[in-house]
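Since this is a predicted model, take the numbers as computed values, not measurements.
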Amino acid sequence: MGFISWIILGLIVGALAKWIMPGKDGGGWIMTILLGIAGAFVGGYIGQMLGWGGVSGFDVGSLALAVLGALVVLFVYNKVSN
């Protein structure tokens, strides 16, 4: 995936993660994108460790792994920042 694709995926995944796990975390859209991109990396790593594959494009499996990773990153971010 290209750089622009990671940004778009990060925005989508970050928004979904914040929708699933709302909270009073600041940062706005930039933090949402960064959270989503980091979540995609974490989700891909977790998926590869479990043998499920990785985040390879815009398909349902990759999106689910990226959202799972973004939820993990958001949880850790909320614990560290509060």
Self-check item: CG on Leu63 to CD1 on Ile12, rounded to 0.5 Å
Solution: 7.0 Å
Self-check item: Identified side-chain contact (heavy atoms from CB on, under 4.5 Å) counterpart of Leu74 within the set Asn78, Val76, Val72
Solution: Asn78
Quiz prompt | Atom pair CG/OH of Leu65 and Tyr45 - distance to nearest 0.5 Å | solution = 14.0 Å
Self-check item: Residue list, side chain to side chain contact (heavy atoms under 4.5 Å, CB included) with Leu71, at least two apart or on another chain
Solution: Ala17, Ile20, Met21, Val67
